[in-house]
Engineer: 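Quick one: this structure, given as structure tokens, is what I'll be asking you about.
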2 protein chains.
Amino acid sequence: MSQDGAGVDLETSLGYLLKEASSALRSAMEGVLRPLGMSVTHYSCLELLAQRPGLSNSELARGTFVTRQTMNVLLQALERDGYVTRPAEAPFGKVLPAELTPSGRRSLEKATAAVRSVEVRMLAGMTEAEQSGAFRILQSMVRSLRDGNDGV
Amino acid sequence: MSQDGAGVDLETSLGYLLKEASSALRSAMEGVLRPLGMSVTHYSCLELLAQRPGLSNSELARGTFVTRQTMNVLLQALERDGYVTRPAEAPFGKVLPAELTPSGRRSLEKATAAVRSVEVRMLAGMTEAEQSGAFRILQSMVRSLRDGNDGV
DNA sequence: TCGATCATGTCAGAATGCTGACATGAGTCA
DNA sequence: TGACTCATGTCAGCATTCTGACATGATCGA
């Protein structure tokens with residue numbers, strides 16, 4: 001199965017498995033969000049805004065792991081469709097705090113329920129201890145990867 | 001910090017953390033692969049072919065978590081640049097087995113070393129037991145997500 | 001043997017995200 | 001005060017990936 005001497009054995013690589021898990025999660029989320037006419041990034045943006053009202057474009061971008069240019073395009077669409085509002089002028093500096101409209105909040109409700117069901121399914125068969133263990137380990141990975149990243 | 005009653009708390013959501021970890025890994029891999037003129041999918045394809053010579057386009061697509069259309073575009077580019085060869089005619093059915101050329105193998109060597117260093121960094125500070133625990137847990141997540149996915 | 005079903009390779013067009021670039025406002029330091 | 005650095009919002013162009021569609025070859029059941 002494993003090729004001796006090869007650098008990264010896909011069968012035992014945690015990096016590969018991480019990618020696989022992330023792909024499966026994304027796929028499952030797309031599956032439940034598509035009927036609602038929502039993409040994963042779309043949903044992530046609304047969810048983030050619901051939990052932290054007033055976040056700026058750049059902050060939302062960091063929170064959803066896309067560039068601020070990408071988030072800007074998405075925010076403009078969400079604004080046009082009436083899910084999000086931003087003031088015409090920045091109250092301070094250039095930062096424009098965004099907020100959900102009632103329509104945005106309504107639209108988010110169904111999506112949140114759908115995504116929660118996916119997360120529940122993902123955690124099926126795992127004990128509480130395993131879940132908190134997974135949490136610690138993933139956090140450790142993120143920290144280690146960020147550290148050596150030269151601030152990029 | 002947490003909003004009581006909200007469906008998915010980002011601070012404690014394993015799904016969100018999984019996405020964060022995957023994003024950090026991808027970012028780190030892009031960082032080391034870019035100087036080599038290689039994208040993550042590009043590398044993944046070569047690595048997969050090195051470990052399992054003769055994989056078809058569709059099999060490579062599944063192994064790198066992209067569609068077979070995407071992999072087809074990539075394979076054509078890799079073929080054009082002399083990293084991969086495929087027979088002009090299928091030895092059986094329509095399946096075209098792909099293989100690395102010596103040039104492809106050479107190009108992969110540096111990339112493998114770079115990616116391995118990223119994986120080592122990611123696992124820094126984790127015990128053997130934690131790593132195998134992480135492996136089991138991620139596998140469990142993948143299985144649970146796939147199960148309810150209606151075969152998509 | 002024949003028709004239905006499925007997987008594959010491939011082309012074309014659309015969607016999504018990224019890099020590059022620019023102007024603007026805040027903070028820092030001499 | 002003035003120069004410098006940094007983060008932000010935004011526009012434009014490019015890269016990557018996806019969805020839709022089609023023809024072809026293998027497989028299976030009647």
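Chain letters run A, B, ... following the sequence lines, proteins first, then strands; residues in each count from 1.
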Engineer: Starting from P on C:dT8, measure out to CG on B:Leu60 and report it in whole angstrom.
Structural biologist: 12 Å
Engineer: Calculate the interatomic distance between A:Arg34 atom CZ and C:dT16 atom P; express it in whole Å.
Structural biologist: 10 Å
Engineer: When the distance from CG of B:Leu75 to P of D:dT16 is rounded to whole Å, what number comes out?
Structural biologist: 15 Å
Engineer: Hey, quick one: are B:Leu49 and B:Val95 part of the same hydrophobic cluster, counting side-chain heavy atoms closer than 4.5 Å, chains of contacts allowed?
Structural biologist: no
Engineer: Taking the nucleotide of DNA chain C with the closest heavy atom to each, which residue, A:Phe92 or B:Asn57, is nearer the 5' end?
Structural biologist: B:Asn57
Engineer: Base, sugar-phosphate alone, or nothing: which one does A:Thr41 contact when heavy atoms must sit under 4.0 Å apart?
Structural biologist: sugar-phosphate
Engineer: Got a donor-acceptor pair under 3.5 Å from the side chain of A:Gln69 to the base of C:dG17?
Structural biologist: no
Engineer: In whole angstrom, give the distance that lies between atom CD of A:Gln76 and atom P of C:dG17.
Structural biologist: 14 Å
Engineer: Between A:Lys94 and B:Phe65, which is nearer to the 5' end of DNA chain D once each is assigned its nearest nucleotide?
Structural biologist: A:Lys94
Engineer: Answer with base, sugar-phosphate or nothing: what part of the nucleic acid does B:Leu96 contact at a heavy-atom distance below 4.0 Å?
Structural biologist: sugar-phosphate
Engineer: So, taking the atom named CE in B:Met141 and the one named CD in A:Glu119, what distance separates them when rounded to the nearest 0.5 Å?
Structural biologist: 8.5 Å
Engineer: Let me know the distance between CD of A:Glu79 and C1' of D:dT10, rounded to the nearest Å.
Structural biologist: 13 Å
Engineer: Below the 4.0 Å mark, does C:dC18 have OP1 or OP2 next to a side-chain nitrogen or oxygen of A:Thr70?
Structural biologist: yes
Engineer: Under a 4.0 Å threshold between the charged nitrogen and the carboxylate oxygen, would A:Arg116 count as salt-bridged to A:Glu47?
Structural biologist: no
Engineer: Can you check the A:Arg62 CZ to D:dA7 P distance for me, whole Å?
Structural biologist: 9 Å
Engineer: Just how far is it from atom CG of A:Leu96 to atom CD of A:Glu79, taken to the nearest 0.5 Å?
Structural biologist: 8.5 Å
Engineer: Could you state the atom-to-atom distance from CZ of A:Arg68 to P of D:dT10 in whole Å?
Structural biologist: 11 Å
Engineer: With a 4.0 Å cut-off on heavy atoms, is B:Ser56 in touch with a base, just the backbone sugar-phosphate, or nothing at all?
Structural biologist: sugar-phosphate
Engineer: Regarding A:Glu30 and A:Arg26, does a basic nitrogen lie under 4.0 Å from an acidic carboxylate oxygen?
Structural biologist: yes
Engineer: When we call it a touch if two heavy atoms are under 4.0 Å apart, what does A:Ser58 touch: a base, just sugar-phosphate, or nothing?
Structural biologist: sugar-phosphate
Engineer: Could you give the NE2-to-P distance, from A:His42 to C:dG17, as a whole number of Å?
Structural biologist: 11 Å
Engineer: When you match A:Val95 and B:Arg26 each to their closest nucleotide on DNA chain D, which lands nearer the 5' end?
Structural biologist: A:Val95
